[in-house]
Amino acid sequence: MTAVTWKASEVETPARVASWRSMDAVVRGAKEEWLALFAPDAVVEDPVGPSMFDASGAGHHGVAGISGFWDMAIGPVERFEFEIHDSFAAGSECANVGVIRAFLPGGASVSTEGVFVYRVGEDGLIRSVRAFWETERALGTLTGA
């Protein structure tokens, strides 16, 4: 499997292009490039609601907050694979349906099925990412731990 497997519509919309760029930067570990995709007032909710990454459930706000999210949730992962099965674009948003596989230090891995919603502004910068997935379901896929 390649790092990003796209099995969905390839019609380019601003939000879909932003999602592609986001996934590409994540799989390459390109933090600064990833952060540059976001508007200064952007919000990342991954997952939506309270979680191990966001106890308040309010999301990670602004470049500093989103950078902190990277350091906590993305940076420690050795490798990511994205498999997107479908993508629905409407207006300034797209909802990607698929699985994110995270390969952790020590040989463990976890697969997270979900719906990943990107909203962009007229400038093409990401205004919000809202990831709908269930912690318990994801942890149920943990292997090698």
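Small disclaimer: the values here were computed from a predicted structure and weren't measured.
Annotation: side chain of Arg79 is not in contact with side chain of Arg101 (no heavy-atom distance under 4.5 Å). The shortest side-chain heavy-atom distance between Phe132 and Phe116 does not fall under the 4.5 Å cut-off. The shortest side-chain heavy-atom distance between Ile126 and Arg119 does not fall under the 4.5 Å cut-off. Looking at Ile66 and Trp34, their side chains come closer than 4.5 Å, going by heavy atoms from C-beta outward. With a 4.5 Å cut-off on side-chain heavy atoms, His85 and Val99 count as touching.
Taking the six-membered ring where the residue is Trp, Trp20 and Trp6 present perpendicular rings, their angle passing 60° and hence far from 30°. Using a 30° and 60° split on the angle between ring planes, Phe53 and Phe69 fall in the perpendicular class, above 60°.
The side-chain contact (heavy atoms from CB on, under 4.5 Å) with Ile84 is formed by just one residue from the set Asn96, Ile100, Thr5, Val97; it is Asn96.
Environment of CZ in Arg127: crowded, with over 12 heavy atoms of neighbouring residues, nucleotides or ligands closer than 6.0 Å.
For Ser9, the side-chain hydrogen bond (donor to acceptor under 3.5 Å, both in side chains) partners are Arg16, not counting sequence neighbours.
A distance-only check finds no donor-acceptor pair linking the side chain of Arg130 to the backbone of Ser128 [under 3.5 Å]. Under the 3.5 Å distance criterion, the side-chain polar atoms of Thr143 are left unmatched by any main-chain donor or acceptor of Ala108.
Ion pairing between a basic and an acidic side chain is recognised when a charged N comes within 4.0 Å of a carboxylate O; Lys31 and Glu33 show no such pairing.
Between Asp54 and Ser56, the side chains place a donor N or O and an acceptor N or O closer than 3.5 Å (distance only, hydrogens not considered).
For Trp70 against Ala25, the heavy-atom pair with the smallest separation is CH2-O, 4.1 Å.
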